[in-house]
Trainee: 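One structure follows; several queries about it will come next.
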There are 2 protein chains.
Amino acid sequence: MTAKPWYASVTDLDLRAFEAIVGPAYVRTDPLSLDKYGRDETEDLVFPPEVVVFPGSAEEVQAVVRYCYRRRIPVTPRAGGTGLSGGALPVLGGVVLSVERMNRILEIDDVNMMAVVEPGVVTADLQQAVEERGLFYPPDPASRFVCCIGGNVAENAGGPRALKYGVTRDYVYGLDVVLPNGRRLRTGGKLYKDVAGYDLTRLFVGSEGTLGVFTRIILRLIPKPAVQWTLLVPFDAWDGAFRALRGIFEARLLPAAVEFMDREAVVITAARTQRPFPHTDAAALLLIQLDGDDPAVVEGQALRVGEVCERAGARDVQVADTPARQEELWAFRRAVGEAVKKTSVYKEEDTVVPRDRLPDLLTTVRGLAQRYGFRAVCYGHAGDGNIHVNILKMGLTERTWREILPHATKELFEAVVALGGTITGEHGVGWVQRPYLPIALPSESLRLQRRLKRLFDPRGIMNPGKVFP
Amino acid sequence: MTAKPWYASVTDLDLRAFEAIVGPAYVRTDPLSLDKYGRDETEDLVFPPEVVVFPGSAEEVQAVVRYCYRRRIPVTPRAGGTGLSGGALPVLGGVVLSVERMNRILEIDDVNMMAVVEPGVVTADLQQAVEERGLFYPPDPASRFVCCIGGNVAENAGGPRALKYGVTRDYVYGLDVVLPNGRRLRTGGKLYKDVAGYDLTRLFVGSEGTLGVFTRIILRLIPKPAVQWTLLVPFDAWDGAFRALRGIFEARLLPAAVEFMDREAVVITAARTQRPFPHTDAAALLLIQLDGDDPAVVEGQALRVGEVCERAGARDVQVADTPARQEELWAFRRAVGEAVKKTSVYKEEDTVVPRDRLPDLLTTVRGLAQRYGFRAVCYGHAGDGNIHVNILKMGLTERTWREILPHATKELFEAVVALGGTITGEHGVGWVQRPYLPIALPSESLRLQRRLKRLFDPRGIMNPGKVFP
């Protein structure tokens, strides 16, 4: 292994150079900016950069990166700043390179069913623009009204609809990237098939800003489903919810989403959002989204899913078939993360297991909570086995909390991996999960990945301090 | 760049070592075997190996590769041997490592909707096994009755249904790989979401046997569509077929497949297969597959597609809604490749462009054929822009043929890339497209990919002589 690289601090001369590239208005060193761009949505972490630079074009991104490469200044790319693993935090200082000015939808191509966008486009804005034309961009992270496509690609963002439609990776067909050495690379295209050489496009997807900065992204679109229904299904015991989950797939049904909330998640969210929500006393809720092109077909699916749930012991099956009622349910679901955050100091673990192992995962969490004395809130994407386990400090002393957290996390992740799962399904490794990556990956994999990082970024300037332990 | 590696020849001592690993029955050096394993389905190429080794397990694969790594003997992995770019040909001699004994479907997991298979499983066998259980493995290369999953993963195989369902990459969720250094690596799992580290799984997909040997593959399955219909639509001019193609997507329809055959393809196939086929005098045929869960919905789609085609000038819209009649049409479509092969010495180019540029592609091909005097047969997956352009020698002299072929190919590929396409959609670069890869990829991409290859395979033993020019 090479020695840890040294980095240059940002000097006044560097600031002038950045101003010459992007214009003085787009280089910020004021305390408010440094504080804002030193945070994302990951717990209460703060790592202020030395400077925030806002390039307006691929050429400007290139010039900034090339400059930092020569000077060996850390560059941390940032889009919406909504990450949950600290991936956009400049933990070693240097430059935060914000792409938020690069927010144009360059093209929506009807015939090839592709969109071409800049990295700073807000995910929901793209979704609305394509849906107005009868097209659909499925990935739907909970933060989609504020997060950006560039960050979604860097993190390979998921969301509820990943169950039926796949994750961000499944929609990225081409990338323009500024590499850590400041050179530009174009991969892929508006091509459904492309096997000319290794698949660099998908190597960049999920690389968490460590291999380059995306400046242009080609995304596949599909026709918009005409009909969406949502079912709310409360259970008196977890077991019932997971029996229903199994039953749905055994019946060869594939909902767009099957979301899970435990009682803690529902109670906390109802209290914080002041939203009335039925069945807050249930042990578990499933929120099931069905979609398709024909109302009768979706209704038929809803009936079959309802029957499966009732056989599994559901207390009730509520059907929301109007957009307004559905949005109410989904807004509640999206509010869980924020409600947990406001309830207590906490740590969120983005566990994922094969979905038939979810009962084992939840039993493990319950056991850990009892043994260590923390409160656990479990919710997330049951359909694809991706459950966000939130560990809440609540009444624990600061000292106990700091003592138990690494142990509890490690035990949880070891159990997850033993169940055939891994330590992060959609949030990324970033800064906070780094120490735990060796639990998930064999040493041969880590060895290859470290060398891969070095191949793309020999000077280690691109989002340093991330992913690798 | 490092110097070209030297390789050891296979000695009697090496043969004894291989026999000790896999058993004497599974080490072959007889002329028939060397001839058979020196060929695939790529034109008339023959590169006999020095020995063919048939391991029966991951442990045996590992022992063979480790041995070859130490001795620096080339290893060319091979599954079904149906490749169309010479990817499985041992162009530098050494060992052909055939995985055909490793042909077990290890598990079909109903609840997680995943299959776990060995690399030697025939693609159609897996499809039949999962369809019997109401599940579906969509990728359908024309060779699916003889090709194997291991080769499909290595080549990122496509097929007609890629239009709606994606390519092999979209279904590979985990791999066991024996790396060129003889170490074993496990990636992914039965996980719909997994962002722990770089996406090595998809880096291996489409790597054409140059980064390792797959010994176990986890594939995602989906519920089997209940209904399939096929439409046969003849046109009096290409233009009409491509207008219809545009119209289908502008109407926000997404058929499972939209296949194209030009008149030459139809005439040659009808003559060779002696199958009666309607409309052999049409200028172009579209073969359109629709599928879904409900007969009425699929019928509605068929009506809409039919209307679009008629508006675009279709001569007729024939609907095949019985499995037998549909299979007749698809068998004809699958027979095109073989029929071309038997008609003349030929070269097949696996061009792909954004589908709205197909008219430009075919105009280019027509122009080249006139100028160079060869016969051109165009057919393939119009829905995803992937057209197989076959250049037939016919009456040209051997000398003229050898002279014009590289020029015509280069001109064709340059035109394809200028249209936003690339030189191979699903066949791979392998041996035959190597010289043309720089047309498709910028030098920065080639530089990174060469270094990536060296990172995984520092001694250059794994399928040497492939992909890179």
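All values below come from the heavy atoms of this structure, side chains included, with hydrogens, waters and symmetry mates left out. Labels below follow one simple rule: chain letters A, B, ... track the order of the sequence lines, proteins then strands, and each chain is numbered from 1.
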Trainee: Under a 4.5 Å heavy-atom cut-off, does chain A meet the side chain of B:Phe136, its backbone, both or neither?
Mentor: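 Neither part; nothing is under 4.5 Å.
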Trainee: Name all residues meeting the ring-ring contact (aromatic ring centres under 6.0 Å, His included) criterion together with A:Tyr198; count only those two or more places apart in sequence or in a different chain, and write none if there are none.
Mentor: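 With neighbours one apart ignored, the set is B:Phe468.
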Trainee: Using heavy-atom distances under 4.5 Å, tell me whether B:His427 contacts chain A through its side chain, its backbone, both, or neither.
Mentor: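 Just the backbone, heavy atoms under 4.5 Å.
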Trainee: Would you check if the side chain of B:Asp170 reaches a backbone N or O of A:Asp170 as a donor-acceptor pair within less than 3.5 Å?
Mentor: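 The answer is no, because no donor-acceptor pair under 3.5 Å joins these two groups.
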Trainee: Output, in order, the C-alpha distance, side-chain angles, deciding distance and verdict of side-chain contact (heavy atoms from CB on, under 4.5 Å) for A:Val195 and B:Val167.
Mentor: CA-CA 11 Å; A:Val195 294; B:Val167 292; over 6 Å; no
Trainee: State the CG-CG distance between A:Leu200 and B:Leu203, to the nearest 0.5 angstrom.
Mentor: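 It is 8.0 Å, given to the nearest 0.5 Å.
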Trainee: Is it the side chain or the backbone of A:Leu179 that comes within 4.5 Å of chain B heavy atoms, both, or neither?
Mentor: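 A:Leu179 touches chain B through side-chain heavy atoms alone.
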Trainee: By a 4.5 Å heavy-atom criterion (distance strictly below it), what part of A:Glu155 contacts chain B: side chain, backbone, both, or neither?
Mentor: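 Answer is backbone: N, CA, C or O of A:Glu155 sit under 4.5 Å from chain B.
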Trainee: Using modelled atom types only, decide if a donor and an acceptor are shared between the side chain of B:Arg186 and the backbone of A:Ser445 within a distance under 3.5 Å.
Mentor: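 No, the answer is negative, given that no donor and acceptor are paired below the 3.5 Å cut-off.
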Trainee: Keeping A:Arg246 on the side-chain end and B:Val111 on the backbone end, is there a donor-acceptor pair under 3.5 Å?
Mentor: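 Not a single qualifying donor-acceptor pair exists.
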Trainee: Which atoms form the tightest heavy-atom contact between A:Gly420 and B:Leu191, and what is the distance?
Mentor: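 Scanning both residues completely, I find the closest heavy atoms to be O-CD2, 3.7 Å.
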Trainee: Between the side chain of A:Lys193 and the main-chain N/O of B:Asn156, is any donor-acceptor distance below 3.5 Å?
Mentor: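 No: the side chain of A:Lys193 does not pair with the backbone of B:Asn156.
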Trainee: Can you tell me how far the CG atom of B:Leu448 sits from the OG1 atom of A:Thr187, to the nearest 0.5 Å?
Mentor: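 Here the rounded value is 11.0 Å.
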Trainee: Do you know the tightest heavy-atom contact between A:Val429 and B:Ala196?
Mentor: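 Looks like CG2-CA, 3.9 Å.
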Trainee: Can you tell which part of B:Lys453 gets under 4.5 Å to a heavy atom of chain A, answering side chain, backbone, both or neither?
Mentor: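 Backbone plus side chain of B:Lys453, per the 4.5 Å heavy-atom cut-off to chain A.
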Trainee: Between B:Ile248 and chain A, which part of the residue has a heavy atom less than 4.5 Å away: side chain, backbone, both or neither?
Mentor: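 Neither part, no heavy atoms under 4.5 Å.
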Trainee: Below 4.0 angstrom, N of the basic side chain to O of the carboxylate: do B:Arg202 and A:Asp199 qualify?
Mentor: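 Between A:Asp199 and B:Arg202 there is no salt bridge, as every charged N stays at least 4.0 Å from the carboxylate O atoms.
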Trainee: Is it the backbone or the side chain of B:Leu437 that comes under 4.5 Å from a heavy atom of chain A, or both, or neither?
Mentor: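 Side chain of B:Leu437 only, per the 4.5 Å heavy-atom cut-off to chain A.
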Trainee: Of all the heavy-atom pairs spanning A:Arg355 and B:Asn112, show the shortest one and how long it is.
Mentor: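 Taking A:Arg355 first and B:Asn112 second, the nearest heavy atoms are N-OD1, 2.9 Å.
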Trainee: Quick one: of B:Leu163, B:Leu253, B:Asp294, B:Asp194, who has the most non-hydrogen atom pairs under 4.5 Å with chain A?
Mentor: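 That would be B:Asp194.
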Trainee: Using non-hydrogen atoms and a 4.5 Å limit, figure out which bit of B:Leu185 sits close to chain A: side chain, backbone, both or neither.
Mentor: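 The answer is the side chain of B:Leu185.
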Trainee: Would you mind telling me which of B:Asp350, B:Thr424, B:Leu441 has the largest number of heavy-atom pairs within less than 4.5 Å of chain A?
Mentor: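 Of B:Asp350, B:Thr424, B:Leu441, B:Thr424 has the most heavy-atom pairs under 4.5 Å with chain A.
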Trainee: Relative to chain B, which of A:Gln301, A:Arg183, A:Glu426 shows the most heavy atom pairs under 4.5 Å?
Mentor: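 When all of A:Gln301, A:Arg183, A:Glu426 are compared, A:Arg183 has the most.
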Trainee: Go through A:Val353, A:Leu446, A:Leu211 and name the one with the most non-hydrogen pairs under 4.5 angstrom from chain B.
Mentor: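 Among the listed options, the one with the most contacts to chain B is A:Leu211.
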Trainee: Check each atom of B:Asp356 against the heavy atoms of chain A and say whether the ones under 4.5 Å are side chain, backbone, both or neither.
Mentor: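 Both the backbone and the side chain of B:Asp356 come within 4.5 Å of chain A.
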Trainee: Heavy atoms only, distances under 4.5 angstrom: which of A:Gly189, A:Gly197, A:Pro442, A:Gly206 has the most pairs with chain B? Name it, please.
Mentor: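 Most heavy-atom pairs within the cutoff with chain B belong to A:Gly197.
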Trainee: Name the region of A:Asn386, side chain, backbone, both or neither, that has any atom closer than 4.5 Å to a heavy atom of chain B.
Mentor: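 For A:Asn386, the side chain is the part near chain B, not the backbone.
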Trainee: Using modelled atom types only, decide if a donor and an acceptor are shared between the side chain of B:Arg252 and the backbone of A:Arg133 within a distance under 3.5 Å.
Mentor: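 Yes; at least one donor-acceptor contact below 3.5 Å.
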Trainee: Would you name the heavy atoms of A:Phe249 and B:Met113 that are closest together and state the gap between them?
Mentor: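 Where A:Phe249 meets B:Met113 most closely, the heavy atoms are O-CE, 3.5 Å.
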Trainee: Rounded to the nearest 0.5 Å, what separation is found between the CZ atom of A:Arg169 and the OG1 atom of B:Thr201?
Mentor: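 That separation rounds to 8.0 Å.
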Trainee: Chain B heavy atoms under 4.5 Å from A:Leu452: which part of the residue, side chain, backbone, both or neither?
Mentor: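 Looking at A:Leu452, backbone and side chain both touch chain B.
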